[in-house]
**Q** 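Quick one: the structure is below, questions incoming.
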Amino acid sequence: MNLDYIIQISGPMLEGARTTILLFLIVIVLSIPLGMLVTLMAKSRLKPLAWIAHTYIYVMRGTPLLLQLLFFCFGLPQIPVIGEYLVFDRFVAACLGFVLNYGAYFAEIFRGGLLSIDKGQHEAAKVLGLSKWQTLRKVILAQMFRVALPAVANESITLVKDTALLYAVAVPELLNYAKTAVNRDFTVTPFVVAGVIYLLMTLVLTLFFKGLEKRFKFE
Amino acid sequence: MSSMIEVQQLQKSFGSLDVLKAINFSVSPGEVVAVIGPSGSGKSTMLRSLVHLEEVNGGSILIHGKPLVQNGKYAAAADIRKITSTMGMVFQHFNLFPHLTVRGNLELAPRTLKRESTEVIAARSLELLAKVGLADKADVYPSLLSGGQKQRVAIARALMLNPDILLFDEPTSALDPELTGEVLRVIRTLAEENMTMIIVTHEMSFARDVADRIFFMENGEIAESGTPEQIFGNPQLERTRTFLNRD
Ligand SMILES: Nc1ncnc2c1ncn2[C@@H]1O[C@H](COP(=O)(O)OP(=O)(O)OP(=O)(O)O)[C@@H](O)[C@H]1O
Ligand SMILES: [Mg+2]
């Protein structure tokens, strides 16, 4: 491994990492609120809403993410009649797949968080005159996020690694650049560089969530 | 004198289990009632019904003469909120909000309900913390407090909304014996200030000491009620005697 070569391939690989990071940010920013919404739907007293939420969670968690990505990137346009309106840029289609998939996992994580909250919290808030909505906002959600934080951290790190699935739908990203360079230059170095870049990203995330957990220790 | 709380023919069942069977009583302003009785007799259910944590199946509850429920029919949601807002409740397990500091626990409800300025609310929270002897704990999270301290915070939190009536469901049952005293002292101070209170408790000497009236509940009924002298000194019913002599 010589340094000049590493520097030379690092440029395009960081370019690829940009796509990875962009995907990561889009998915986190959209799938966490989606998960929240689905959790509330699953708890709803309106049966059809709850049913939709549970079915959604079941389907997204019960099938491979890779299958879902292939479906959104290559399957949607094949659907009769409406398919021609469902031709997206592959990156956009992949984002959609990731957001829907991760939304289901986050929903499940948040549901667990909600279950862990003692019913005494609801009762205390009610006796203090808070409405259901005020209780949710001021009492329940903060505690739910706190309980869910380690699992959310875990899931985020998994997402960093899952972005490599973009390779399978031919969206150029970090891994894609690495593979191209390996084929072209007959050296394993690009894979090592890619590994290091993934490690750096997960390290930053780990530190970030450690900080959050400390900040919200409530003691 | 009009009564603060008026309960008539209150009935509540969980499925086929009749937990409250035609409960009747009234509480006058400034009166302190202690509720005693064996486990499962319906003490908590009765107390929780008063603040609408349980919905009853029949009977009436009037607070300040206003019907929360009348002959089994509940008032409109907005009225229920208004009527129950004059009551505070203290729970066996404190139910403090763990994600808020002590001060945050006290101020959450008044700040959310926005009936007063934040300055007024902040001033009162400090005043009440001083009153329960926890002025130095304002910025601490509940996880760092002892049980007795937590319960005193819970009492201060209930007082933040200036309730006319305070309900206590076994406020010292979750505490180590050496910590009950500090909580009971606070409740006693409130009694001296003429706060209207209903206290479910297993602390017989405290009940005898602080209460104007004792209800002995058994099997979903107020089997016997009277002054502490009557109930502890000369109970009329065999089962009251048995309960008081059980240990
Ligand atoms: N949510 C509920 N669902 C079903 N049964 C209940 C429920 N809450 C209470 N019960 C039953 O109602 C009866 C009265 O319960 P309650 O908690 O009012 O008794 P208690 O006098 O407060 O007892 P303790 O001294 O143990 O607190 C008990 O048999 C209890 O099992
Ligand atoms: Mg009880």
Side-chain angles (χ1 to χ4, degrees), chain A residues 32-33 35-36 39-40 43-46 106 109-155 208-219, chain B residues 44 47-48 50-54 77-78 80-102 104-115 139-145 150 153-163 165-169 174:
Chain A
I32 287 183
M36 196 56 253
T39 304
L40 295 181
K43 268 180 50 85
S44 167
R45 258 178 291 175
L46 296 172
F106 282 125
I109 288 173
F110 293 149
R111 209 166 64 87
L114 279 188
L115 286 177
S116 76
I117 296 172
D118 188 78
K119 84 178 194 329
Q121 294 287 306
H122 290 272
E123 294 184 348
K126 180 174 177 184
V127 173
L128 287 168
L130 302 197
S131 67
K132 283 233 167 77
W133 175 238
Q134 288 167 335
T135 303
L136 185 69
R137 265 175 43 225
K138 311 252 168 166
V139 176
I140 304 304
L141 287 188
Q143 294 183 50
M144 184 204 75
F145 276 116
R146 182 59 190 91
V147 173
L149 203 50
V152 169
N154 225 339
E155 208 56 26
F208 173 74
F209 278 105
K210 279 263 144 49
L212 271 191
E213 281 182 38
K214 212 163 149 194
R215 165 80 182 69
F216 294 106
K217 219 167 166 194
F218 303 138
E219 50 172 60
Chain B
S44 296
L47 209 60
R48 291 162 55 82
L50 298 179
V51 283
H52 197 233
L53 286 177
E54 303 286 354
I80 290 180
R81 244 177 118 176
K82 209 157 166 196
I83 292 165
T84 53
S85 73
T86 60
M87 292 181 278
M89 179 145 177
V90 174
F91 301 87
Q92 181 176 354
H93 296 286
F94 331 125
N95 299 357
L96 293 180
F97 304 131
H99 64 299
L100 299 175
T101 61
V102 165
N105 266 272
L106 266 65
E107 296 183 3
L108 176 71
R111 274 169 179 262
T112 305
L113 302 176
K114 292 198 181 89
R115 289 191 209 113
D139 297 315
V140 165
Y141 284 97
S143 64
L144 294 181
L145 299 178
K150 283 182 189 164
V153 172
I155 294 171
R157 180 177 70 175
L159 290 170
M160 279 300 284
L161 296 167
N162 295 319
I165 300 165
L166 268 189
L167 310 177
F168 294 82
D169 193 357

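In what follows, chains are A, B, ... by sequence order, proteins preceding strands, each numbered from 1.
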**Q** Report which part of L167(B) has an atom under 4.5 Å of a heavy atom belonging to chain A: side chain, backbone, both, or neither.
**A**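 Looking at L167(B), nothing touches chain A.
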**Q** What heavy-atom pair brings F218(A) and Y141(B) nearest, and what distance separates the two atoms?
**A**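 Taking F218(A) first and Y141(B) second, the nearest heavy atoms are O-CB, 3.1 Å.
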**Q** At their closest point, which heavy atom of Q121(A) faces which heavy atom of P98(B), and how far apart are they?
**A**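 Scanning both residues completely, I find the closest heavy atoms to be OE1-CD, 3.5 Å.
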**Q** At a heavy-atom separation under 4.5 Å, does K138(A) approach chain B through its side chain, its backbone, both, or neither?
**A**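 Looking at K138(A), backbone and side chain both touch chain B.
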**Q** Can you tell me how far the CD atom of E219(A) sits from the OG1 atom of T101(B), to the nearest 0.5 Å?
**A**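 Taking CD in E219(A) and OG1 in T101(B), the distance rounds to 14.0 Å.
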**Q** Please classify the contact of F97(B) with chain A as side chain, backbone, both or neither, using a heavy-atom distance under 4.5 Å.
**A**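 Both backbone and side chain.
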**Q** Taking C-beta and beyond as the side chain, do S143(B) and K217(A) meet within less than 4.5 Å on heavy atoms?
**A**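 They are not in contact (no side-chain heavy atoms under 4.5 Å apart), so the answer is no.
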**Q** How long is the gap from CG on L130(A) to CG on L108(B), to the nearest 0.5 Å?
**A**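 If I round to the nearest 0.5 Å, the distance is 5.5 Å.
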**Q** Measuring heavy-atom distances to chain B, does E123(A) have an atom under 4.5 Å in its side chain, in its backbone, in both, or in neither?
**A**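 Interface part for E123(A): both.
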**Q** State which residue, out of L113(B), T112(B), N95(B), L161(B), fulfils the side chain to side chain contact (heavy atoms under 4.5 Å, CB included) condition with L128(A).
**A**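 Among L113(B), T112(B), N95(B), L161(B), the one that satisfies the side chain to side chain contact (heavy atoms under 4.5 Å, CB included) with L128(A) is L161(B).
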**Q** With chain A, which of M87(B), M160(B), H93(B), R48(B) has the greatest number of heavy-atom pairs at distances under 4.5 Å?
**A**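 Counting heavy-atom pairs under 4.5 Å, the top option is R48(B).
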**Q** Sort by residue number and list every residue of residues 141-148 of chain A having at least one heavy atom under 4.5 Å from chain B.
**A**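 Counting heavy atoms that sit under 4.5 Å from chain B, the residues of residues 141-148 of chain A involved are A142(A), Q143(A).
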**Q** Say whether, by atom type as modelled, one donor and one acceptor occur between the side chain of K126(A) and the main chain of H52(B) under 3.5 angstrom.
**A**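 A pair under 3.5 Å: yes.
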